[in-house]
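Predicted, not measured: the structure shown is a model, and the values here were computed from it. Values below: all heavy atoms of this structure, side chains included; hydrogens, waters and symmetry mates excluded.
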Amino acid sequence: MKHAYEDRPVDLVTALARARSPEDPGPDTSPGPVVRAWPGPPRPVPEAGTGELDLQALLRLSLAASDGSGRLRPAPSAGGLHPVDAELVVGPGCPLPPGRYGYDPLRHRVHRLGREPDGTLPGATVELSVTPRRTVSHYGHRAWPLMLLDTGHVAAALWLAARALGACEPVLRLDGHAEDPLAAVHFPLPERAGEVGPRDGTHPIRHPEGTRPASGAPTPRELPARRSAPPPLRGTPPQDALRAVLDTAVQASAGELAWCAAVGEPQPGLVELAPDGALRRLAAGEARPTLAVWAARQAWIAQAGAVLLAYGCPMDADAPRIRRVHLRAGFAAHLAHVAAVRHGLAARPVGSWQQADLGAAVGAAPGRDWIVHGLVLGTTHPDEEKTS
């Protein structure tokens with residue numbers, strides 16, 4: 001991963017260790033343009049013909065901004081800064097001619113960048129990279145894990161858009177091996193749904209498990225309406241809803257990290273899913289005030305209905321593992337967020353965590369189980385409280 005305005009590689013291991021430290025970020029700087037300035041003239045994405053991949057609808061449901069500010073997009077982003085950029089590698093069977101394109105989410109337009117690489121698969125692959133300056137401008141040294149989580153959220157938005165449209169299941173590449181692109185999502189053509197690329201990292205690979213929301217596919221109407229609920233998020237989620245959201249997160253994580261939930265009364269503590277799908281106690285005691293301190297001192301979390309926690313990524317993790325775990329955490333949290341909303345809950349992702357060694361806090365070996373991502377849940381939000 002490279003810094004947008006310094007042409008030097010980033011030591012991701014050191015960057016993550018610093019992001020986890022109590023050091024405060026410096027003052028804000030300019031985030032620069034809200035989207036990458038792609039070369040060449042913009043062109044609309046044509047409507048799909050018979051048998052073609054509906055790229056227009058896929059992009060509209062997954063990446064397109066709802067207004068011109070750049071903040072209202074289907075995937076959440078730390079600080080509403082949206083550092084993730086998308087390039088399309090288009091093969092046969094699409095309404096666009098084969099080639100490589102940059103996507104502008106504000107105008108829902110593409111810019112042709114060149115010809116498609118040799119061996120491009122039928123359908124289209126969306127490759128995800130980041131412009132670090134956007135997130136660094138506010139979060140400083142804490143930006144690097146946040147950008148990886150954002151990329152995972154965008155991959156999930158793309159995957160859910162395909163599910164909502166009834167397209168063939170996309171092929172994910174969230175392996176963490178590449179710095180650019182960080183991740184990719186391939187949309188196959190219907191008649192080629194069983195094809196996958198070679199397993200050498202040059203093409204996305206279908207993941208065997210962990211990518212199906214427990215509550216089923218969303219509808220196209222649901223996806224543009226998803227939003228992170230504003231704090232505070234109070235009210236304890238019903239146990240069946242909490243189980244469903246946890247199950248979605250666990251399944252979508254594909255074994256890369258573990259999940260639990262911090263809950264309050266009547267029995268404060270941490271709970272996790274047992275193999276039989278029931279909730280079992282992982283640790284006793286009120287955890288939410290401590291989580292509020294760890295989550296960049298966001299005091300409202302101490303009163304949240306529940307806080308889902310993705311944890312893992314030990315201190316000795318190398319750069320590919322750091323990328324892989326954070327990408328999966330963002331992907332899983334996004335699917336869990338959609339599942340929460342479908343169960344009538346308010347939800348808000350929380351990505352910035354400092355000194356959050358959850359394993360050490362519950363008596364396990366230190367340095368092994370750090371909090372990577374969080375999803376705060378509640379049954380009410382401020383607008384409802386004002387009218388109640």
Side-chain angles (χ1 to χ4, degrees), residues 25 28 31 34 63-84 105 134-135 137-139 142-143 145-147 149-150 152-154 156-157 160 218 221-238 241-242 245 248-249 261-264 287-310 329-330 332-354 356 371 373-388:
D28 284 3
V34 295
L63 301 182
S66 300
D67 65 17
S69 73
R71 293 180 64 88
L72 298 180
R73 304 192 199 177
S77 173
L81 293 164
H82 297 286
V84 182
R134 295 180 201 143
T135 304
S137 70
H138 180 65
Y139 291 96
R142 294 177 180 172
L146 295 174
M147 289 185 288
L149 295 173
D150 279 4
H153 277 277
V154 172
L160 284 171
R221 187 172 295 179
E222 284 180 274
L223 295 186
R226 73 199 126 166
R227 293 286 182 268
S228 295
L233 277 65
R234 299 192 179 101
T236 302
L242 186 58
V245 177
T248 298
V263 296
R288 292 171 299 170
T290 299
L291 296 177
V293 175
W294 286 351
R297 298 188 292 274
Q298 298 184 69
W300 63 272
I301 293 176
Q303 302 297 322
V307 187
L308 265 64
L309 302 168
H334 193 94
L335 269 59
H337 189 161
V338 173
V341 172
R342 299 190 83 190
H343 281 81
L345 302 177
R348 184 177 186 86
V350 175
S352 187
W353 297 89
Q354 292 80 49
I371 296 176
H373 204 5
L375 183 69
V376 181
L377 304 176
T379 58
T380 63
H381 55 73
D383 290 341
E384 292 175 342
E385 291 181 347
K386 290 175 184 177
T387 59
S388 61

Where do [X] and [Y] come nearest, in terms of heavy atoms and distance?
| X | Y | result |
| --- | --- | --- |
| Val84 | Arg134 | N-NH1, 4.1 Å |
| Thr135 | Met147 | OG1-CG, 3.6 Å |
| Pro289 | Ala302 | CA-CB, 3.8 Å |
| Ala249 | Ala332 | O-CB, 3.6 Å |
| Arg227 | Ser66 | NH2-OG, 3.2 Å |
| Ala340 | Ala347 | CB-CB, 4.2 Å |

**Q.** CD1-CG distance between Ile371 and Leu291, expressed to the nearest 0.5 angstrom
**A.** 5.0 Å
Can you tell if the side chain of [X] reaches within under 4.5 Å of the side chain of [Y], non-hydrogen atoms only?
| X | Y | value |
| --- | --- | --- |
| Pro218 | Leu223 | yes |
| Leu242 | Val263 | yes |
| Pro238 | Leu345 | yes |

Q.
Among residues at least two apart in sequence or on other chains, which ones pass ring pair (Phe, Tyr, Trp, His ring centres under 6.0 Å) with His334?
A. His153
Backbone N/O of [Y] and side chain of [X]: donor-acceptor pair under 3.5 Å:
| X | Y | value |
| --- | --- | --- |
| Arg73 | Leu63 | no |
| Arg348 | Val376 | no |
| Arg142 | Pro25 | no |
| His373 | Leu309 | no |

Q.
Under a 3.5 Å threshold, yes or no: a donor from one side chain and an acceptor from the other, between Thr248 and Arg342?
A. no
Q) side-chain contact (heavy atoms from CB on, under 4.5 Å) with Gln303: which residues, sequence neighbours excluded? A) Arg234
Q.
Between Gln298 and Ser352, is the side-chain contact (heavy atoms from CB on, under 4.5 Å) condition met? List the steps.
A. CA-CA 10 Å; Gln298 298 184 69; Ser352 187; 5.6 Å; no
Q.
Please list all pairs meeting salt bridge (charged side-chain N to carboxylate O under 4.0 Å, His left out) that have one or both residues in residues 295-306, counting only residues at least two apart or in different chains.
A. Asp24-Arg297
Q) Looking at Leu377, Val245, Leu375, which one forms a side chain to side chain contact (heavy atoms under 4.5 Å, CB included) with His337? A) Leu375
